[in-house]
Structure formats: C-alpha cells, structure tokens
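Quantities reported herein were computed from a predicted structural model and do not represent experimental measurements.
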Amino acid sequence: MIDRTEEGPGDPCTDRSWFAGRIGSSVEAMDRRRDVQDFLASRRARLTPEQAGLATHGERRRVKGLRREEVAMLAGVSVDYYARLERGNLAGASETVLEAVASALHLDDAERQYLHDLARNTEPPLSRRRNRRKLAATPRPAVLAILAGMTEVPGYVRNVRMDILAANDLCRGLWDGRLDDDKLPLNLARYVFLEPHSRGFFLDWDTVADDLAGALRVQAGRDPRNRSLSDLIGELSTRSEEFSTRWSRQNVKLHRTARKRLHNRIVGDIELNGDALELVGDGLTLIVYTADVESQAADQLRLHATWQATQRHSNAPADTRSVADTVED
C-alpha cells in the first residue's frame, strides 16, 4: 500500500477563478480546490465496478460509479488519503500516487496530463507568476514566412488562448475571409460559442464545441494563473449556455489531430484532416488542413487555389455556383 501523509490546498484553474481578486487569494484557492473535486468525482462517477474489474455480487448501489474506498483500493492508497485528494488537496502528491489514481480511474492521456497539471500548479503562486511568459501579439517573421510558404495547404497560427494570429492565403479563402489580416486576431472559442455563423461553417459543430471546451480546460490546468485565459473562460461561461454546459462536464481534450468538415461558399462542403503542430519555443500552434490523396477534397483545394489566383488578377465577380457545381461533378 502506498501511504502518503502530505497534504495541502489544491491549486488548479477553475471556471470560477476569473472572479477572484488578487492572485493567491483564499477565494481563488477555494475555487481551485473545487475544480479538483469536480474533476476527480466526475471521473469516479463515470466508471462502473464492472469496468474497473470489481465484483459487486449483485448488490444494490446508492452511489453512481465507484465509491471512494474502491478507488483508494485500486490506487493502493488509504481511504483517508484518497478522500483528501478528492477534496482538492493535491499539493505534495507524488508522481507515483498520481499515476496510481489515474490508472484506477482509467484516465486517458489528456486526463492524465490534466491531473498532473492540477497537482503541479499547487506551487506557491508568486514563484509561478515570476516565470510566466506574456503571450506574443504576432508570430515571429520566420513563422509567418513558413506559413506563407505553404501554398497548397491551408494553415493558421494560434496561441494557447485560441486566438488565431495569422493565416495563409488558402486558409483565408477557406474561411471565407474571416481570417483576413484586418479581422485578426480572431478568438476561435468566441467564434464557435458566440457567433451563429460558426454553426454553418463547422458541419460537426457539436464535436468542434466539445473539443474546444476540452482543449481550453487542458490549458487552464497548465496555466491556472493566466488572467487573459481565465477571463475568456469566465466570459464564455456567462454568455454561452452551450459552453457552460460543456465546461461543467470536466472533460479534457488534447487537440492534436481531427477530421474537419467545413462549408465554404466556393467549393461547398469539404472534409479535411486537421493537425496541430506545436511551436514550442514560441508558445504557438500551427494548424494545418490537408486532404486525403486523390480525394474530392484534394480536388476542391486545388480548385479553390486556382479560383483565388484568378480573383487576384481580375475584378470580375465570382460565379460561385458554377465553381461548386464543377466540384460536385
């Protein structure tokens, strides 16, 4: 049995932290402990004894999912110690204990990372504030050059707060001009949850919304004292019921790769692969859309690139219907 006596206040980010006053206040710490509670309790509630490999012998259970003592047994810690963890006291929890709890709760990669981030961010707030790096307003010229050099695939660069800072020509066209330079930065989360147009652009809007809320929670766990991020989360929580509902589910998502179905006014509906490439030294992420080889989407991207090139050399209005019809044929 692993037994640990260390305990202390949990200190992760929370959907309520944007209301807190100064950094390190007791209100903020209390809200962050609540976030730990909600996350661990929600993971425990979704896991049945059968999924955990426990025999119930047909007993009637009043608790949804696993009991605390069952998680403690599976993790190899005392019931009292696990209860302290679930109350938000993650400070001092070792990597071994965190991994044991993650395994007991069947956490996936994103959830494991989130749990470790919650524990890591229980350090004294002042020491972490000194090391915080300000978000870049614009990407470096070298990053912009890479983006501009991608002439056959759409791409854009965003920061951890989901602000789209720059996009190449093909991506600007794919987004029907919403990523033009004079409209940037565009916050992807605000666009999805607050702009009605997003539901027509993202054909799988619910999935995109789920992934965005999960990705923001991952980042909130990594950097709980990022005021601009917590302000964004607070704004979305108060202005969007769709976001508030998803945020309360405590789900986390690593935004690495996904299938994206988009609607473009020129080529119609198009299905692409979206991949996230982290620019670690810059604190930015390059998002690239690619099409399967010899697919309809590949033809659509080539046609769109040709149409954009034509428009740059002509003032004639676009016959959007004929272009879309050509792709469908």
Side-chain angles (χ1 to χ4, degrees), residues 1-17 24 28-49 51-54 63-125 127-128 131-132 160 213-226 229-230 247-256 278 280:
M1 296 281 288
I2 301 171
D3 194 7
R4 297 288 186 272
T5 58
E6 305 93 328
E7 59 177 311
D11 200 21
C13 185
T14 172
D15 52 334
R16 293 163 293 279
S17 64
E28 186 178 11
M30 181 175 64
D31 283 343
R32 288 172 176 172
R33 285 197 296 272
R34 177 62 182 274
D35 210 45
V36 178
Q37 294 172 20
D38 291 345
F39 177 68
L40 290 177
S42 67
R43 303 308 93 172
R44 176 166 60 86
R46 74 176 183 181
L47 190 62
T48 66
Q51 290 172 323
L54 299 176
V63 179
K64 181 181 179 181
L66 296 182
R67 301 186 178 105
R68 285 194 183 95
E69 55 266 30
E70 291 170 332
V71 177
M73 180 189 69
L74 291 168
V77 299
S78 70
V79 177
D80 287 344
Y81 184 67
Y82 177 74
R84 290 200 295 271
L85 294 180
E86 196 169 292
R87 286 197 297 269
N89 298 322
L90 287 182
S94 67
E95 295 282 323
T96 302
V97 167
L98 295 175
E99 279 300 310
V101 170
S103 296
L105 293 174
H106 291 199
L107 303 188
D108 62 22
D109 289 344
E111 292 166 333
R112 282 174 183 267
Q113 176 179 305
Y114 183 62
L115 179 62
H116 282 273
D117 286 336
L118 294 182
R120 183 162 46 249
N121 283 305
T122 58
E123 299 174 15
S127 66
R128 294 193 62 81
N131 295 328
R132 191 188 307 164
V160 296
L216 282 175
R217 185 168 282 283
V218 167
Q219 190 55 41
R222 289 176 179 170
D223 193 4
R225 297 172 185 86
N226 185 321
L229 178 62
S230 59
W247 187 255
S248 66
R249 293 172 186 163
Q250 295 284 331
N251 293 330
V252 292
K253 173 76 173 181
L254 293 177
H255 197 284
R256 292 172 176 166
E278 291 191 22
V280 179

Do [X] and [Y] touch side chain to side chain, with heavy atoms closer than 4.5 Å?
X      : Y      : answer
Arg43  : Asn251 : yes
Leu115 : Leu107 : yes
Leu85  : Val97  : yes
Tyr82  : Leu40  : yes
Val71  : Leu47  : no
Leu229 : Leu216 : yes
Ser103 : Arg112 : yes

First locate atom [atom1] of [X], then atom [atom2] of [Y], and finally report the distance between them rounded to the nearest 0.5 Å.
X      : Y      : atom1 : atom2 : answer
Leu105 : Gln51  : CG    : CD    : 11.5 Å
Leu98  : Arg120 : CG    : CZ    : 9.5 Å
Arg217 : Asp117 : CZ    : CG    : 12.5 Å

Before accepting this row, confirm whether a basic side-chain N of the pair Arg84/Asp80 lies closer than 4.0 Å to the acidic partner's carboxylate O.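 No.
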Exercise: identify the closest heavy-atom pair between [X] and [Y]:
X      : Y      : result
Gly221 : Tyr114 : CA-CE1, 3.8 Å
Ala72  : Ser78  : CB-O, 3.8 Å
Ala119 : Leu90  : N-CD1, 3.9 Å
Leu118 : Phe39  : CD1-CD2, 4.3 Å
Leu74  : Ala104 : CB-CB, 3.7 Å
Ala100 : Ala75  : CB-O, 3.3 Å

Please check this pair: side chain of [X] against backbone of [Y], looking for a donor-acceptor N/O pair closer than 3.5 Å.
X      : Y      : result
Arg33  : Arg87  : no
Arg44  : Leu66  : yes
Gln113 : Ala110 : no

Side chains of His116 and Glu95: donor-acceptor distance under 3.5 Å anywhere?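 A donor-acceptor contact under 3.5 Å links the two side chains.
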Report the residues that fulfil salt bridge (charged side-chain N to carboxylate O under 4.0 Å, His left out) with Glu278, sequence neighbours left out, ordered by chain and then residue number.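 Testing Glu278 for salt bridge (charged side-chain N to carboxylate O under 4.0 Å, His left out), a comparison that skips the adjacent residues, returns none.
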Look at atom CZ of Arg249 and say whether more than 12 heavy atoms of other residues, nucleotides or ligands are closer to it than 6.0 Å.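 More than 12 heavy atoms, drawn from other residues, nucleotides or ligands, come within 6.0 Å of this atom.
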Using side chain to side chain contact (heavy atoms under 4.5 Å, CB included), reason through Met73 and Leu54 one step at a time and then give a plain yes or no. CA-CA 11 Å; Met73 180 189 69; Leu54 299 176; 3.4 Å; yes
